[in-house]
Each structure stands twice: as structure tokens, then as C-alpha cells.
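To keep things clear, I will list the structure first and then write my remarks on it.
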Amino acid sequence: EVQLVESGGGLVQGGGSLRLSCTASGFTFGRTAIGWFRQAPGKEREGVSCISNTDHSTIYADSVKGRFTIFSDTAKNTVYLQINSLKPEETAVYYCTAIDGPFFGICRIDREQWYDYWGQGTQVTVSS
């Protein structure tokens, strides 16, 4: 059974930090790309970051560059998203997702349709 389980969300003050985790099972972690997307209330889901477990390349949305860091621990089948300097407008449900199909290992955050598996999401709330 394929599973992506996110954790690490919570309530934080503006300017604060969180580390989100995504632990995967049920597929070959080392040949996937793992992405983080988020959906704020009343808005469309948007890509935030991605890491390829094949060539270790990373991608970030322009809005989070310099504040978010994605990294992978293949021994634990876990990808982390370190989020710093959080802003209230970044309040959202953050989703972990994996590309395991024809585009496996290729990182894109503007190709939501490439992603095969999704976690249930973790809520991040940033107070002003």
C-alpha cells in the first residue's frame, strides 16, 4: 500500500519556523521525485518545492526561495521541508506528493498532474 504521511505542521507566529516531514512507503523511494504543495483557504493549490531522489536536484517557488529548504533522507524514506521566516499569508494545508510514473525522478512544481501519490496534508497556521 502506497502511503505518504506528513507531520510537523502547527501554529506558529509570523517570522517563525517549522520543519515538515513526509515519510513514504509502498514504492521505490530512491527513484522518485518528492514535492511539497500547499493550498490556502479559498485559493488554488500551488507548488512550493521539489527534490529528485535520483539526481538530488531541487526546485523552489520564487516566493519561498531563501526561506524554505527541502532535503531527503533516503535511509528513512523521508523528505523534510524546513520553513523559515513564515508569513501569515502562508497559512495553508501543506501536502507531500510523489512522482513515480513515467516522469519519475523529474522535479517540477508546475506539473501537478505528473504527481502520482498524495499525502493527507498537514496544517500550517501562521499568526500575525
Side-chain angles (χ1 to χ4, degrees):
E1 180 188 4
V2 171
Q3 281 193 315
L4 291 170
V5 180
E6 303 99 331
S7 61
L11 173 63
V12 64
Q13 281 191 330
S17 298
L18 286 173
R19 178 174 292 184
L20 307 184
S21 300
C22 171
T23 300
S25 60
F27 57 93
T28 306
F29 185 77
R31 53 165 269 163
T32 59
I34 304 293
W36 285 95
F37 284 68
R38 66 187 178 189
Q39 187 165 23
K43 295 189 177 181
E44 292 188 353
R45 190 158 57 189
E46 63 172 348
V48 173
S49 183
C50 176
I51 184 166
S52 168
N53 284 323
T54 57
D55 65 9
H56 309 293
S57 60
T58 59
I59 293 177
Y60 297 93
D62 288 343
S63 61
V64 307
K65 284 179 181 177
R67 298 186 297 117
F68 288 22
T69 303
I70 190 169
F71 55 102
S72 182
D73 184 339
T74 54
K76 295 182 178 179
N77 279 14
T78 299
V79 169
Y80 302 92
L81 186 68
Q82 178 67 39
I83 306 175
N84 298 329
S85 302
L86 274 160
K87 304 174 183 179
E89 57 265 36
E90 295 181 309
T91 292
V93 178
Y94 284 69
Y95 296 92
C96 172
T97 180
I99 298 175
D100 187 36
F103 305 105
F104 74 90
I106 302 175
C107 251
R108 293 290 291 267
I109 56 174
D110 60 346
R111 295 287 189 271
E112 187 175 324
Q113 66 271 26
W114 284 14
Y115 288 85
D116 300 288
Y117 315 126
W118 291 82
Q120 81 288 351
T122 186
Q123 176 71 46
V124 172
T125 302
V126 186
S127 64
S128 56

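Computation of the quantities below employed the complete heavy-atom set of this structure, encompassing side-chain atoms and omitting hydrogens, waters and symmetry-equivalent molecules.
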task = State the NE2-SG distance between His56 and Cys107, to the nearest 0.5 angstrom.
result = 11.5 Å
Shortest non-hydrogen contact between Cys50 and Tyr115, atoms and distance = SG-OH, 3.6 Å
query = If you draw the axis of the six-membered ring of Phe103, does the NZ or CZ of Arg108 fall within 45° of it and under 6.0 Å from the ring centre?
reply = no
inquiry  = Taking Ile106 as the starting point, is it possible to reach Trp36 by hopping between hydrophobic residues whose side chains are less than 4.5 Å apart?
reply    = no
query = Side-chain contact, heavy-atom cut-off 4.5 Å: Ser17 with Val12?
reply = no
request  = Determine, using the 4.5 Å side-chain heavy-atom cutoff (strictly less than), whether Ile70 and Phe29 are members of one ILVMFWY cluster.
outcome  = yes
key: Derivation of the side-chain contact (heavy atoms from CB on, under 4.5 Å) call for Thr91 and Gln123   = CA-CA 8 Å; Thr91 292; Gln123 176 71 46; 3.9 Å; yes
request  = Answer yes if Tyr95 and Val124 sit in the same cluster of Ile, Leu, Val, Met, Phe, Trp and Tyr residues linked by side chain heavy atoms under 4.5 Å apart, and no otherwise.
outcome  = no
inquiry  = Show the nearest heavy-atom pair for residues Ile109 and Val48, with the distance to one decimal.
reply    = CD1-O, 4.0 Å
message = My understanding is that only one of Trp118, Tyr94, Trp114 makes a ring pair (Phe, Tyr, Trp, His ring centres under 6.0 Å) with Phe37; could you say which?
response = Trp118
message = Whether the side chain of Glu6 engages the backbone of Gly121 through a donor-acceptor N/O pair (distance < 3.5 Å, no angle test) should be reported.
response = yes
query = Side-chain heavy atoms under 4.5 angstrom apart, residues restricted to Ile, Leu, Val, Met, Phe, Trp, Tyr: same cluster for Val79 and Tyr60?
reply = yes
Asn53 and Thr74: CA distance, side-chain angles, deciding distance, side-chain contact (heavy atoms from CB on, under 4.5 Å) verdict = CA-CA 8 Å; Asn53 284 323; Thr74 54; 4.2 Å; yes
ask   = Is the backbone N or O of Ser63 less than 3.5 Å from a side-chain atom of Arg67, with the two atoms forming a donor-acceptor pair by type?
value = yes
task = Can you measure from CG (Asn84) to CG (Leu18) and round to the nearest 0.5 angstrom?
result = 9.5 Å
inquiry  = Just so I know, are the side chains of Phe68 and Thr58 near enough to count as touching, which here means a heavy-atom distance under 4.5 Å?
reply    = no
request  = Go through Glu112 and Glu44 one step at a time and tell me if the side-chain contact (heavy atoms from CB on, under 4.5 Å) criterion holds.
outcome  = CA-CA 12 Å; Glu112 187 175 324; Glu44 292 188 353; over 6 Å; no
note = When rounded to the nearest 0.5 Å, the distance separating CD1 of Ile51 from OG of Ser72 is 5.0 Å
message = Once rounded to the nearest 0.5 Å, what's the spacing between atom OG of Ser49 and atom CG of Leu20?
response = 11.0 Å
Minimum side-chain heavy-atom gap Arg38-Leu81 below 4.5 Å = no
Spatial distance of atom CG (Asp116) from atom CZ (Phe104) [nearest 0.5 Å] = 11.5 Å
ask   = Quick one: CZ on Arg31 to OG on Ser52, what's the gap to the nearest 0.5 Å?
value = 11.5 Å
query = In terms of hydrophobic clustering (I, L, V, M, F, W, Y; side-chain heavy atoms under 4.5 Å; direct or indirect links), are Tyr117 and Ile99 co-clustered?
reply = no
